[in-house]
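The structure under discussion appears below in the form of structure tokens.
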There are 2 protein chains.
Amino acid sequence: MKSKEDKLSISSSELGDYMRISQQSASRYLSELEGKGLIERSREGKGQLVKFTEKGLNLLEEIYLNLQDFIEEKGKPLVIEGKVTSGLGEGAYYVREYADKLQKSIGFFPFYGTLNIKPLKAHPNIDKYTAGTIRSFKKGDRTFGETEYMPVKIIGDEWEEDCYLILPKRTHHIDEFEIISRSNLRKKFGIKDGDLVKVRIG
Amino acid sequence: MKSKEDKLSISSSELGDYMRISQQSASRYLSELEGKGLIERSREGKGQLVKFTEKGLNLLEEIYLNLQDFIEEKGKPLVIEGKVTSGLGEGAYYVREYADKLQKSIGFFPFYGTLNIKPLKAHPNIDKYTAGTIRSFKKGDRTFGETEYMPVKIIGDEWEEDCYLILPKRTHHIDEFEIISRSNLRKKFGIKDGDLVKVRIG
DNA sequence: ATTACTAACTTTCGAGTAT
DNA sequence: TATACTCGAAAGTTAGTAA
């Protein structure tokens, strides 16, 4: 397998030997990876052809980028490209509830809405860029969960704006960024769903 | 943890939350990693300070380099720097036994000895550069195991030489390269133990 | 607060096989 | 030859605690 696009012809016992596990476990591993949609298989007379799916390659790349981020000590900021989406439309409600706490943390009173951005590809984990945390709190009988935030620059075709990215601690790994801003960016810059923007972190 | 040299202050329950496992398992993981010499710990009042050891960082780097090799489709050859060592001194004996088979495979009759080279740092797995295999065989009651080989260039300060690297399939992962050559390289170039050389593969 | 032991409980593994 | 199922054994996980 010289290229990541290649198919690999391997039998379950060869894989077992290579991994120093039994043929049975190797067979089971392959079938689990297939079940998770990470690889595709096709039976051959002797052995089977195995190749990564798009999803599998993305997972590998995510792991790779996380390691890269850790091992190569770059001062370079992280720039992630993504597509503007509508999210769940709850942004406005939550920002309203968190607004006064946000103001204390980030220094401005937020626009009642979020810009949701879905990254186009795998990217390293951004947790470590966290600048601060808003502790969980109650209003009446409703509990609002802990949320981290970090400064980011949102970059469009002909504009850019300093904003904050919020990272609710509970709903980890939806992989959609929620951006808090001073004003309505959709109106200010004429942004609409599907537009490509960059998020510069750090 | 912004740098790989940093210590991380974390409690076993924080780690458990982060990994979505129990506090007990997080504690066990840390203690296993410590047992394997991959991390160092020191108890703090609240939590513990954790940092990677040299060995741990090397393991991470090896994983990283393997992924890099797979994901970034470089045609660049792999160059690994290492130190000449004496190995176990068995080289001469084994080369003698494999000599006629080696001649058929690599096209020249090998010098009865190997140059052993110990890589200075982590490097990607070189299995995929294998050019051919010498099947296991018997001589009298002695069995000689399967061995793979690949062409490499050994590069010293003021010289270089085309050689072959042999990869005995049984004794995987000693992480010392054994080099087969046309003549006695130690004599030819005045190489001695501890000298730095480069191995160019692919 | 911690870390980490013990004792259940749960999951994973692989030898024996079926196909 | 293959792959892959079953099921008893081995390994991993965690609730309950001790320190």
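Note that this is a predicted model, so its numbers are computed, not measured. Residue numbers start from 1 in every chain, and the chains themselves are labelled A, B, ... in the order their sequence lines are given, proteins ahead of strands.
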- [ ] Using atom CD of Q48(B) as one end and atom P of dA1(C) as the other, report the distance to the nearest whole Å.
- [x] 16 Å
Open item on the list: Rounded to whole Å, please give me the gap between CZ in R41(B) and C1' in dT2(C).
Closed with: 12 Å
Open item on the list: Tell me the interatomic distance from L33(B), atom CG, to dG12(D), atom P, rounded to whole angstroms.
Closed with: 13 Å
- [ ] Look at D193(A) together with K83(A) and state whether they make a salt bridge at an N to O cut-off of under 4.0 Å.
- [x] no
TODO: Go along nucleotides 13-19 of chain C 5' to 3' and tag each nucleotide: B for a protein heavy atom under 4.0 Å from its base, S when only backbone or sugar atoms are that close, - otherwise.
DONE: BBBB---
Open item on the list: Here's a test for you: under side chain to side chain contact (heavy atoms under 4.5 Å, CB included), which of L165(A), I134(A), L167(A) qualifies with Y149(A)?
Closed with: I134(A)
- [ ] Note down the inter-axis angle between the two ends of the helix from dT2(C)-dA19(D) to dT19(C)-dA2(D), five pairs each, to the nearest 10°.
- [x] 40°
Task: Euclidean distance, atom CG of residue L15(B) to atom C1' of dT14(D) [Å, nearest integer] - done: 15 Å
TODO: Using whole Å, report how far CG of D17(A) lies from P of dA2(D).
DONE: 10 Å
TODO: Give the C-alpha distance, both sets of side-chain angles, the deciding distance and a yes or no for side-chain contact (heavy atoms from CB on, under 4.5 Å) between I155(B) and R200(B).
DONE: CA-CA 8 Å; I155(B) 304 169; R200(B) 203 187 76 195; 4.1 Å; yes
TODO: Scan for salt bridge (Lys or Arg N to Asp or Glu O under 4.0 Å) pairs involving residues 92-114 of chain A, sequence neighbours excluded, and state none if there are none.
DONE: E97(A)-K139(A)
Open item on the list: For S11(A) and Q48(A): C-alpha separation, side-chain torsions, deciding distance, then whether side chain to side chain donor-acceptor pair (under 3.5 Å) applies.
Closed with: CA-CA 6 Å; S11(A) 72; Q48(A) 43 194 316; over 6 Å; no
Open item on the list: Is the shortest side-chain heavy-atom distance between F177(B) and K118(B) below 4.5 Å?
Closed with: no
TODO: Determine, for K198(A) against E160(A), whether the closest basic-nitrogen to carboxylate-oxygen distance falls under 4.0 angstrom.
DONE: no
Task: E161(A) and K153(A), any side-chain heavy atoms less than 4.5 Å apart - done: no
TODO: Please state how far atom CG in L30(B) lies from atom C1' in dT3(C), giving the value in whole angstrom units.
DONE: 10 Å
- [ ] Looking at every strand, decide which applies to S27(A) at a 4.0 Å heavy-atom threshold: base, sugar-phosphate, or nothing.
- [x] base
